[in-house]
Amino acid sequence: MAIAMGWQKPDNVAGSSAPAIMVGLFVASGGLLFGYDTGAINGILAMREFKDQFGTNCFDKKGELDICTDDSALIVAILSAGTVVGALLAAPAADSIGRRRTLLISVGVFCIGAICQVCAYSLPLMLVGRVLAGVGVGTISVLVPLYQSEMAPKWIRGTLVCAYQLSITIGLLTASVVNIITSEMTTSAAYRIPLGLQFLPGLILTGGILILPETPRFLIMKGRKELAGLSLSRLRRLDITHPALVDELQEIEANHQYELTLGTNGYMDLFRGTPHLGRRTFTGCGLQTLQQLTGINFIMYYSTTFFGGVGVGSPYAKSLIINGINVVSTIPGLLVIESWGRRKLLMIGAFGMALCQLIMATFAAAAGPDMEDAAEMILIVFCAINVFFFAASWGPVAWVVTSEIYPLKIRAKAMSISTASNWLVNFAIAYASPYMVGNGPGHADFGSKIFFIWGTFCIVGMIFVWCMVYETSKISLEQIDEMYERVPRAWHSKDFVPSWSFQQIVDEGWSPSAQPPPPPAHELQSTTSAASGDTTLGDGASSETANASEATTNTGNQSSSSENKPQPVMAHVDFTY
């Protein structure tokens, strides 16, 4: 079963992957903070005690005090505004003081925001608390996938990053259970208890971060090779002098030094750097944006109030069921992401969501007053199926892809920008949704027909994945650079097979900064065909042999005439950058 799911540890991998897996799963608990906060506010907005405390001049159909649309939109959406700020701050902090320390600080900021929310008796302090909590959540949403991808073995990297999304769904479900338990209370404890319980995952995460190692790739980036070796030794459970650990460390270092020869690592390089950093940044931002435009957080933020507004009985129970499905449905995606790959899972998910949402919207537009019971059933059933497709695909896989596709020198910055785009659209949806589905002056009164919008974006997402998302499963983070260099189209990436490594370059006499060895031992030879500009490393005394074998350079079948041993083939790599 593990082999079928792609979880089988390769035979040629030394050491143990257990420490890295345990660390990755623990760090994934950072998703509980966002998931729990989202689920908590979903139910709290519908609580009578919360409405009595924070309601102003608006009243519901029964004439009771209610939260105005402006206020409810602001309470929900301002968290997402804070997350945009947090996501943008994550990159400079993570690149300067480290992934681990920045993660610790962000959890502290979240806890301060939770204190403000619990203590709030008026709207301003509640909003301040949600902004601070958002800053913490936004930073965590960048750092957790970043930390996981940089320390995880390649054969299970995608599964570990998926665990972050699973943690988010568990947080949503936990908040729904807590809301049901406290919703019948007649004091402010009804909403203060759910808000206060946010501290629990924060304290657990803080305790673990204090003993976790820094990622080896960050330490290499900072030139701390000895500390990087110690960190990798802990994660792989190998002696620091073990050949396998030394090779992995040298591969990371050689790759990073090569990346630096291609240009600087500023924010502008995200869009104009090589190899194809602009395409990769656009892929990450587009994927994160489309994840929100599937409409999932419309369901997660407003399912309780939305179900109640369209006449669904027991909205708290229905919301609990939706969140339960969300948790269970994440597991299939986690199981097959390594064997199916990223592209296939994303495209199946987008197609399934589009089908469900267009069915919901079409039935809502066509059904008359005499079909209210059938409309309710259609809404609940297809909403649940829609959540299944999202949770098994776009929920976890968007985080996986954006944590993998960037080179080390700009990884934190690129993930920061792409994650900020996610939260920016999240803010827009959270703020606009009450106006889109509500009725009255200034409201669009879409109701269930809003799913026409989300369904259309799901179709756009399917096309985007086909055209832009490269398949990154089963290859190392360093080999992804080679794939973007050699493979011109995303739909060809599933057939990519790495043909060289940066450590091979060093073994052949090149320096870690990609400078060629002095002649006559080796010299750089370029062989150009009509199809590509392949570059090979050959012996200076055997140029005629190299030119004669030009047709086979794409497969790496070139040998040295002096030592009769294979040389690494570097397809589509231009060292003139």
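- Minimum interatomic distance between Asn179 and Met47 (heavy atoms only, all atoms of both residues): OD1-CE, 3.7 Å.
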Derivation and outcome, side-chain hydrogen bond (donor to acceptor under 3.5 Å, both in side chains), residues Ser188 and Gln53
CA-CA 8 Å; Ser188 63; Gln53 181 67 47; over 6 Å; no
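- Here the side chains of Glu404 and Val400 are in contact, with some heavy-atom distance below 4.5 Å.
- For an aromatic pair to be called close, the ring centres must be under 6.0 Å apart, and Phe464 with Phe282 satisfies this.
- In summary, Glu150 and Arg411 engage in a salt bridge, as defined by a charged side-chain N under 4.0 Å from a carboxylate O.
- Trp394 places no side-chain N or O within 3.5 Å of a backbone atom of Thr294 that could act as its donor or acceptor partner.
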Working for side-chain contact (heavy atoms from CB on, under 4.5 Å), residues Arg101 and Ile209
CA-CA 8 Å; Arg101 291 180 180 175; Ile209 294 172; over 6 Å; no
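- In terms of heavy-atom proximity, Ala354 sits nearest to Gly455 at CB-O, 3.7 Å.
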Gln148 and Ser403: side-chain contact (heavy atoms from CB on, under 4.5 Å), yes or no, with the steps?
CA-CA 8 Å; Gln148 290 174 311; Ser403 70; over 6 Å; no
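- Contact of the Ile417 side chain with the Leu88 side chain is registered, since non-hydrogen atoms from C-beta on lie closer than 4.5 Å.
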Do Met151 and Phe218 pass the side-chain contact (heavy atoms from CB on, under 4.5 Å) test, and can you show the C-alpha distance, the side-chain angles, and the key distance before you say yes or no?
CA-CA 10 Å; Met151 47 69 61; Phe218 168 77; over 6 Å; no
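- A donor-acceptor pair shorter than 3.5 Å cannot be found between the side chains of Thr169 and Asn326.
- A donor-acceptor pair under 3.5 Å is absent between the side-chain atoms of Ser416 and the main chain of Ala412, judged by distance alone.
- Not a single donor-acceptor pair under 3.5 Å links the side chain of Gln288 to the backbone N or O of Ser421.
- Side-chain contact check for Thr187 and Glu49: no donor-acceptor pair (N or O, by modelled atom type) lies under 3.5 Å.
- Between Cys58 and Cys68, the two SG sulfurs come within 2.5 Å of each other, short of that mark.
- Counting all heavy atoms, side chain and backbone alike, Thr419 lies closest to Ser141 at CG2-OG, 3.2 Å.
- Thr215 OG1 to Tyr147 OH: the interatomic distance, rounded to the nearest 0.5 Å, is 7.0 Å.
- Side-chain rings of Phe34 and Trp423 approach one another, their centers coming within less than 6.0 Å.
- Annotation for Phe351: atom CZ does not count as buried by contact number, only 12 or fewer foreign heavy atoms lying within 6.0 Å.
- The backbone N or O of Leu32 sits less than 3.5 Å from a side-chain atom of Ser167, completing a donor-acceptor pair.
- Distance check: Tyr36 OH to Phe199 CZ gives 11.0 Å after rounding to the nearest 0.5 Å.
- A distance-only check finds no donor-acceptor pair linking the side chain of Arg130 to the backbone of Gln117 [under 3.5 Å].
- A donor-acceptor distance shorter than 3.5 angstrom exists from the side chain of Gln198 to the backbone of Leu195, with no hydrogens or angles considered.
- Between Phe427 and Tyr431, the ring planes are parallel. Angles under 30° get that label, and only those over 60° would be called perpendicular.
- For the pair Leu477 and Tyr406, the minimum side-chain heavy-atom distance is 4.5 Å or more.
- Checked by atom type and distance alone, the side chain of Thr139 pairs as donor or acceptor with a backbone atom of Val135 at under 3.5 Å.
- Here the side chains of Gln165 and Phe390 are in contact, with some heavy-atom distance below 4.5 Å.
- Closest approach of Gly113 and Leu132 over heavy atoms only: CA-CB, 3.7 Å.
- Of the possible donor and acceptor atoms, one in the side chain of Arg48 sits under 3.5 Å from a partner among the backbone N and O of Leu65.
- In this structure, Ile385 CD1 and Leu355 CG are separated by 9.0 Å, a value rounded to the nearest 0.5 Å.
- Taking CG from Leu235 and CG from Leu212, the interatomic distance works out to 9.0 Å, rounded to the nearest 0.5 Å.
- Between Ile450 atom CD1 and Ile429 atom CD1 the span is 8.5 Å, to the nearest 0.5 Å.
- Across all non-hydrogen atoms, the minimal contact from Thr182 to Ile193 is CG2-CG2, 4.1 Å.
- The shortest distance between side-chain heavy atoms of Val137 and Phe110 falls below 4.5 Å.
- For the pair Phe26/Val23, no side-chain contact is recorded, criterion being any heavy-atom separation below 4.5 Å from C-beta on.
- Of the possible polar contacts, one joining the Ser106 side chain to the Leu103 backbone as a donor-acceptor pair under 3.5 Å is found.
- Side-chain atoms of Phe451 and Leu379, non-hydrogen and from C-beta on, do get closer than 4.5 Å to each other.
- Rounding to the nearest 0.5 Å gives a distance of 10.0 Å between CG of Leu358 and CG of Asn386.
- Between the Arg343 side chain and the Val465 main chain, a donor and an acceptor come within less than 3.5 Å of each other.
- Under a 4.0 Å N-O distance rule, the pair Glu338/Arg157 does not qualify as a salt bridge.
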Decide side-chain contact (heavy atoms from CB on, under 4.5 Å) for Asp37 and Leu33; before the verdict, give the C-alpha distance in whole Å, the side-chain angles of both, and the deciding distance to 0.1 Å.
CA-CA 6 Å; Asp37 186 276; Leu33 302 181; over 6 Å; no
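- The shortest distance between side-chain heavy atoms of Arg342 and Ser473 falls below 4.5 Å.
- Nearest heavy-atom pair across Ala163 and Leu25 is CB-CD2, 3.8 Å.
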